[in-house]
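These numbers come from a predicted model, not from an experiment. For the numbers below, each heavy atom of this structure counts, side chains included, while hydrogens, waters and symmetry mates do not.
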Amino acid sequence: MTRAPSTQPPGPTASRARRALATLRRIAGPLAHWPRRWTRRGLLAGALALLALALVLGLLRRPLSDWLWPDTRGQQLRHDAAAALREGRLSAADGTGARELYAAAVALDPDRPDARDGLARVGRAALVQAETALADGRIDDARSALMLARELQVPRAKADTLAMELRRREAALAGIDGLLESAAAARAAGRLEGAEDAALPLYQRVLALQPNHTTALEGREDILADLLQQARKRLARGELVEAAGQIRQVQAADAGHVDLPDALSDLVGRIEQRRRRADRDLRGQRLGPALAGYRELVAIAPDDAEAARGLAAVASAHARRSQRLAADFQFDLALAALREAEAADASVAEVAVAREHLQRARRSQAQLRDGRLDRDQRARLRQLLHEAAAAEARGELLEPPGESAFDRVRAARALAPRDPDVQAASARLLPAARTCFEDALRGNRLVRARACLDASAVLEGEGARVQAARRRLAQRWIAVGDERLGAGELQAARVALDAARALDPDAAGLDEFASRVQAATLGD
């Protein structure tokens with residue numbers, strides 16, 4: 001029976017071979033006529049033909065060999081792998097080990113069983129090497145060989161038996177009794193964790209060598225219980241970062257510890273309480289406490305998105321304050337606010353805007369000192385002074401915000417602080433600002449007193465008079481806060497503390513009042 005010709009299209013290697021043979025026929029054709037036409041032209045053509053033939057054979061040498069002998073590469077890999085296995089080179093990082101060579105042969109031809117059988121032989125040889133190394137006391141070599149044998153799926157029973165013997169040898173070399181004594185001494189000294197010679201790491205080392213060691217298991221259980229107890233106390237004191245670290249350490253050592261769920265629940269509750277407090281501080285523009293709260297949350301969980309947004313909000317608030325201060329040419333305060341913004345989150349866009357605003361304000365002040373005002377600036381200055389005089393005539397010295405005589409004069413001072421008319425307007429308003437402060441302080445209207453004091457600071461600068469007024473107002477805030485704290489109004493006490501701290505961080509009695517507020521907050 002005649003076999004039908006195959007309709008399968010030739011592969012790329014066969015096609016290249018056929019093209020090469022066709023090329024050879026075209027080259028060899030003229031050679032048949034050379035004996036008849038042995039001329040100089042014929043010799044030149046023959047030389048060129050031979051050169052072309054050599055080039056074709058050189059280029060197609062590997063494809064032709066692959067077409068004629070397709071298993072050459074696989075045979076070479078298996079031959080090299082068998083040689084490496086005989087020499088004991090079971091694995092090598094550079095790919096010359098028996099394991100790597102047999103694996104390459106399997107990848108080249110997955111259907112050949114001899115390469116897979118070779119990998120199995122490598123596994124058995126690795127098990128033998130592990131036994132030999134262990135008998136010779138070469139613990140590291142035995143561990144590496146056993147790992148290779150397991151990866152090549154040697155019989156599990158043999159590997160487990162050898163692994164048990166390996167752990168027994170490691171334990172003997174490590175000195176289990178000495179480790180246990182050191183762990184007990186560390187616990188008695190209160191060194192539970194935090195260093196390699198602390199109690200928990202020592203017990204962990206013993207259990208890594210002998211997972212079922214009773215004394216080590218009981219010791220670790222006691223240490224974990226002690227750590228959780230310490231963590232609960234720290235949570236009660238508000239030390240969330242330290243408590244979270246201890247709880248997570250227990251979780252890593254024994255995720256099934258009986259007391260762990262309660263500790264985790266307590267931690268989550270405290271974290272949420274801290275988050276709500278930071279949010280309240282942010283809404284109340286108490287930026288210092290808000291920043292501390294959000295930083296604490298990020299320290300506990302670096303991927304806390306809500307805390308990151310809180311830090312960005314704090315940065316934006318400081319940046320806006322820096323811009324306002326720069327507009328009034330209060331560059332030291334503006335720079336301090338900018339530094340606070342950068343410390344909270346330097347990546348916030350408003351921080352870059354505030355930085356540029358401060359630079360422009362400084363350049364503007366330098367121009368104003370030289371008396372260089374363009375036509376538009378001079379027109380704006382005259383308009384502001386006219387509006388300030390009109391507001392002053394109506395009795396609107398400090399209010400309403402944005403429309404008062406003070407606001408107009410402040411804007412004029414930003415344009416031309418040395419202008420005689422601006423200085424005259426400031427001098428007329430300064431007594432009103434001082435009177436406003438004293439009246440508000442006597443009436444215990446402390447927020448109003450702060451606004452009047454800020455106006456005085458703008459009009460006369462941060463001199464001794466203003467500093468003394470700040471100290472007086474800070475003392476009044478401390479007194480009010482003490483009263484609110486005694487009445488159980490914790491939120492009002494926090495507001496008073498922040499106001500006093502912003503006015504005078506060194507005010508007498510401020511530290512004691514802050515400690516009382518902190519203690520009351522932890523119990524909240």
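A donor-acceptor contact shorter than 3.5 Å links the side chain of Gln129 to the backbone of Gly88. Judged by distance alone, with hydrogens and angles left aside, the side-chain atoms of Ser265 form no donor-acceptor pair with the main-chain N or O of Pro261 at under 3.5 Å.
Of all heavy-atom pairs between Leu127 and Ala149, the closest is N-CB, 3.9 Å. The two residues Arg78 and Ala105 make their nearest non-hydrogen contact at CG-CB, 3.9 Å. Here the closest non-hydrogen pair linking Ala92 and Glu100 is N-OE1, 3.2 Å. Contact between Arg234 and Ala243 at its shortest, heavy atoms only, is CB-CB, 3.9 Å. Between Leu441 and Arg476, the shortest heavy-atom distance links the atoms O-NH1, 2.7 Å. Minimum heavy-atom separation, Val314 to Ala290: CG2-CB, 4.0 Å.
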Carefully, step by step, assess Tyr102 and Arg116 under the rule side-chain hydrogen bond (donor to acceptor under 3.5 Å, both in side chains).
CA-CA 7 Å; Tyr102 275 128; Arg116 297 186 181 279; over 6 Å; no
Start with the C-alpha distance between Val517 and Phe513, add both sets of side-chain angles, then the distance that settles side chain to side chain contact (heavy atoms under 4.5 Å, CB included), and finish with yes or no.
CA-CA 6 Å; Val517 172; Phe513 177 53; 3.7 Å; yes
Check against salt bridge (Lys or Arg N to Asp or Glu O under 4.0 Å), Arg472 and Glu438:
CA-CA 10 Å; Arg472 290 170 59 200; Glu438 296 296 341; 3.0 Å; yes
Could you walk me through whether Arg89 and Asp80 pass the salt bridge (Lys or Arg N to Asp or Glu O under 4.0 Å) test, one step at a time?
CA-CA 11 Å; Arg89 293 185 289 106; Asp80 293 344; over 6 Å; no
Would you check, one step at a time, whether the test salt bridge (Lys or Arg N to Asp or Glu O under 4.0 Å) holds for Arg99 with Glu151?
CA-CA 11 Å; Arg99 176 196 185 176; Glu151 291 174 355; 2.8 Å; yes
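Separation of atoms CG (Leu503) and CH2 (Trp477) is listed at 8.5 Å; rounding is to 0.5 Å. Leu119 CG to Gln153 CD: the interatomic distance, rounded to the nearest 0.5 Å, is 10.0 Å. The line from CG of Leu235 to CD of Glu239 is 9.0 Å long, rounded to the nearest 0.5 Å. One finds the CZ atom of Arg143 at 9.5 Å from the CG atom of Asp141 (value rounded to the nearest 0.5 Å). To the nearest 0.5 Å, atoms CZ (Arg248) and CG (Leu260) are separated by 11.5 Å. Atom CD in Gln475 sits 7.5 Å away from atom CG in Asp504 (nearest 0.5 Å).
Annotation: side chain of Asp160 is in contact with side chain of Arg150 (closest heavy-atom distance under 4.5 Å). Val154 places none of its side-chain heavy atoms less than 4.5 Å from the side chain of Lys158. Tyr294 has its side chain out of reach of Val298: every pair of non-hydrogen atoms, C-beta onward, lies at least 4.5 Å apart. Contact annotation: the side chain of Val122 approaches that of Leu85 to within less than 4.5 Å [non-hydrogen atoms, C-beta and beyond].
Listed by chain and residue number, Ala319, Ser322, Gln323, Leu338 satisfy the side chain to side chain contact (heavy atoms under 4.5 Å, CB included) test with Ala354 (two or more places apart in sequence, or in another chain). Checked against side chain to side chain contact (heavy atoms under 4.5 Å, CB included), Arg275 has the following partners two or more places apart in sequence or in another chain: Ile271, Glu272, Asp279, Leu297, Asp304, Glu306, Ala307.
Under a 4.0 Å N-O distance rule, the pair Arg270/Asp266 qualifies as a salt bridge. Using a 4.0 Å cut-off between charged side-chain N and carboxylate O, Arg355 and Glu342 make a salt bridge. Taking 4.0 Å as the cut-off between side-chain N and carboxylate O, Glu340 and Arg321 do not count as a salt-bridged pair.
Between the side chains of Arg494 and Gln491, at least one donor-acceptor pair of N or O atoms lies under 3.5 Å.
Pairs engaging residues 508-517 under the salt bridge (charged side-chain N to carboxylate O under 4.0 Å, His left out) rule: Asp482-Arg516 [sequence neighbours left out].
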